[in-house]
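Single-structure report; data block below.
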Amino acid sequence: MLFSISVIIPAYNVEQFIETAIVSALQQPEVSEVIVVDDGSTDKTLQIVKSLQLVNAKIKIYHHENIINKGRSATRNLGIQKATGDYISFLDADDYYLEHRFRNDITIFHGDKNCDGVYNAVGFHFYRQVTPLEQDKLKLNTVVKKLLPNELFDGIVSSKYGYLHLNGITIKKTVFDCTGFFNESLMVAEDSDIIFKMALKCCLLPSVIDKPVAKRGVHDVNVFTDDTLYKVYNVKLYKELLEWSYQNDIALKNKDTLLKWLWFFKFRDGNSLWNHILYWGYLVRGIPELFFSILSIKYFPIIRQRQILFPFLYRKN
């Protein structure tokens, strides 16, 4: 079976890193095309990509209409729509693949016809001085054990067994018929959104989870280190995942999990109980099926915070 992979690289003002990313993808024999979607760069990113394209026809360049900046989700979505390979892999423009990135993936796909995608470990490359906290925390994006497909969502949504990164995922292009495309309303956490959807709807199998097949670049302008952005968008992430779950016949236990994490992040914002009740009303108006389920009671704010609101009921004699 022919194994043709389209590697999609969203690019915005990454002149320092883009060549390394592209070359690392071109070095993989399974890659049939490297799709670079320029997201309105104002530096020399596009010039560098065009110069590389002159010597390698596998490189394809696309832009949004009117060459505007639309963000990472829209940029990856355009790449997916333009891809001609049977399989899709993503690579951020400031990251790079290691040798034999897809070797084990091929074996797994050939061995299991039901496999929709595979996931691998991703490491880190520091372009600046590393802090002690980063040195301890940023070692490997992976899971600590091989999980069955029906265990994966629970294992990564809570980080119980670790977490995954897009650079380590290879999927059939048809997966997006099940999950939909990247959520363009999310400025950050759009990668978590699509990975959770894949874990809920598809058969994802572990590939190489004990050593990296790619490296994430850590530098001074990384978005994933911006806690302020994530504080805002984590609530939006779980709210929109919940809406998606009701539209896609996701199991009740997984909807329960999404609600648990939605309230975990919502309660951290420090708003009043009344504010949370209003938010709950807004939520169930948008998802009428939620109002008529047991989850409507379980996750009503007063019920969720009953031990804080009524501590005397929980005192031990």
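FYI, side chains are in, hydrogens and waters are out, and symmetry mates aren't considered; it's all heavy atoms of this structure. When a residue number appears, it is its place in the shown sequence, counting from 1.
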Checklist line | Closest approach of Leu258 to Leu241 (non-hydrogen atoms, all atoms of both residues) | finding: CD1-O, 3.9 Å
Notebook entry, point to check: So which of Tyr279, Tyr238, Tyr230 actually passes ring pair (Phe, Tyr, Trp, His ring centres under 6.0 Å) with Phe265?
Noted result: Tyr238
Note to self: Using the rule given for side-chain contact (heavy atoms from CB on, under 4.5 Å), can you reason through Leu26 versus Val31, listing the C-alpha separation, both sets of side-chain angles and the distance that settles it, and then say yes or no?
What the structure shows: CA-CA 7 Å; Leu26 292 171; Val31 171; 5.6 Å; no
Notebook entry, point to check: Going from CG on Asp269 to NZ on Lys266, what distance comes out if it is rounded to the nearest 0.5 angstrom?
Noted result: 4.5 Å
Notebook entry, point to check: Side chain of Lys44, backbone of Gln16: donor and acceptor closer than 3.5 Å?
Noted result: no
Next item on the list: Check Tyr87, Tyr97, Phe3 against Phe102 for a ring pair (Phe, Tyr, Trp, His ring centres under 6.0 Å) and give me the one that passes.
Entry: Tyr97
Checklist line | Distance flag, aromatic centroids of Tyr127 and Phe17, threshold under 6.0 Å | finding: yes
Check: Is the backbone of Ser4 close enough, under 3.5 Å, to the side chain of Ser32 for a donor and an acceptor to pair up by distance?
Finding: no
Check: Is a donor on one side and an acceptor on the other found under 3.5 Å between the side chain of Asn248 and the backbone of Trp244?
Finding: yes
Notebook entry, point to check: Counting N and O atoms only, with roles assigned by atom type, does the side chain of Ser6 sit under 3.5 Å from a partner on the main chain of Ala83, one being a donor and the other an acceptor?
Noted result: no
Next item on the list: Mark yes when over 12 heavy atoms from residues, nucleotides or ligands other than Leu54 sit less than 6.0 Å from its CG; otherwise mark no.
Entry: yes
Checklist line | Value rounded to 0.5 Å, distance of CG in Asp116 from SG in Cys203 | finding: 6.0 Å
Check: Rounded to the nearest 0.5 Å, how far does NE2 of His64 lie from NZ of Lys70?
Finding: 6.0 Å
Notebook entry, point to check: Atom NZ in Lys60, atom CD1 in Ile9: separation rounded to 0.5 Å?
Noted result: 13.5 Å
Next item on the list: Report yes or no: do Ser185 and Glu240 form a side-chain donor-acceptor pair below 3.5 Å?
Entry: yes
Notebook entry, point to check: Partners of His276 by ring pair (Phe, Tyr, Trp, His ring centres under 6.0 Å), sequence neighbours excluded?
Noted result: Trp263, Phe267
Check: Salt-bridged, Lys298 to Asp256, with N to O below 4.0 Å?
Finding: yes
Notebook entry, point to check: Looking at CZ of Arg72 and CG of Leu166, how far apart are the two atoms once the value is rounded to the nearest 0.5 Å?
Noted result: 9.5 Å
Item checked: Side-chain ion pair, Glu33 and Lys58, N-O less than 4.0 Å -> no
Item checked: Shortest non-hydrogen separation from Ile195 to Ile169 and the atoms involved -> CG1-CD1, 3.6 Å
Next item on the list: Please check if Phe292 and Leu259 belong to a single hydrophobic cluster, counting links between Ile, Leu, Val, Met, Phe, Trp and Tyr side chain heavy atoms closer than 4.5 Å.
Entry: yes
Check: Side chains of Asp38 and Thr45: donor-acceptor distance under 3.5 Å anywhere?
Finding: no
Check: Which heavy-atom pair separates Leu205 from Pro149 by the least distance, and what is that distance?
Finding: CD2-CG, 3.7 Å
Next item on the list: Any chance you could measure Leu200, atom CG, to Cys178, atom SG, to the nearest 0.5 Å?
Entry: 12.0 Å
Margin query: Quiz question: by atom type and distance under 3.5 Å, do the side chains of Arg101 and Thr170 form a donor-acceptor pair?
Written below: yes
Note to self: Looking only at side-chain N and O atoms, does Arg216 offer a donor or acceptor that is under 3.5 Å from a partner on Asn141?
What the structure shows: yes
Check: If you look at every heavy atom in Ile108 and Pro206, which pair is closest and at what distance?
Finding: CD1-O, 3.1 Å
Checklist line | Donor-acceptor under 3.5 Å (Asn120 side chain, Val213 main chain) | finding: no
Note to self: Has Asp95 got a side-chain atom pairing as donor or acceptor with Leu91's backbone, closer than 3.5 angstrom?
What the structure shows: no
Next item on the list: Check whether the ring centres of His165 and Tyr163 lie less than 6.0 Å apart, and answer yes or no.
Entry: no
Margin query: Between Asp177 and Lys173 (salt bridge meaning N to carboxylate O under 4.0 Å), is one present in this structure?
Written below: no
Margin query: Please determine whether a side-chain nitrogen of the Lys or Arg among Lys215 and Asp94 lies less than 4.0 Å from a carboxylate oxygen of the Asp or Glu.
Written below: no
Next item on the list: Scan side-chain atoms only and decide if Tyr161 and Lys146 contain a donor-acceptor pair under the 3.5 Å cut-off.
Entry: no
Check: Are there more than 12 heavy atoms of other residues, nucleotides or ligands under 6.0 Å from atom CD of Gln53?
Finding: yes
Check: Between Asn167 and Asp92, is there a donor-acceptor pair closer than 3.5 Å when you use the side chain of the first and the backbone of the second?
Finding: yes
Note to self: Between Asp39 and Thr75 (side chain of the first, backbone of the second, donor and acceptor by atom type, cut-off under 3.5 Å), is there such a pair?
What the structure shows: no
Checklist line | Donor-acceptor under 3.5 Å (Ser296 side chain, Ser293 main chain) | finding: no
Next item on the list: Could you walk me through whether Leu273 and Asn275 pass side-chain contact (heavy atoms from CB on, under 4.5 Å), step by step?
Entry: CA-CA 5 Å; Leu273 176 63; Asn275 178 277; over 6 Å; no
Next item on the list: Determine whether the aromatic ring centres of His125 and Tyr96 lie less than 6.0 Å apart.
Entry: yes
Next item on the list: Answer yes when Glu190 and Arg76 have at least one side-chain N-carboxylate O distance shorter than 4.0 Å, and no when they do not.
Entry: yes
Notebook entry, point to check: With the 4.5 Å side-chain cut-off for hydrophobic clustering, are Val36 and Ile67 part of the same group?
Noted result: no
Notebook entry, point to check: Which heavy atom in Val118 sits nearest to a heavy atom in Ser207, and how many Å separate them?
Noted result: CB-CB, 4.2 Å
Notebook entry, point to check: Which heavy atom of Leu52 sits nearest a heavy atom of Ile22, and at what distance?
Noted result: CD1-CD1, 3.9 Å
Note to self: Please tell me whether Met198 and Leu237 are part of a single hydrophobic cluster in this structure, the criterion being side-chain heavy atoms less than 4.5 Å apart.
What the structure shows: yes
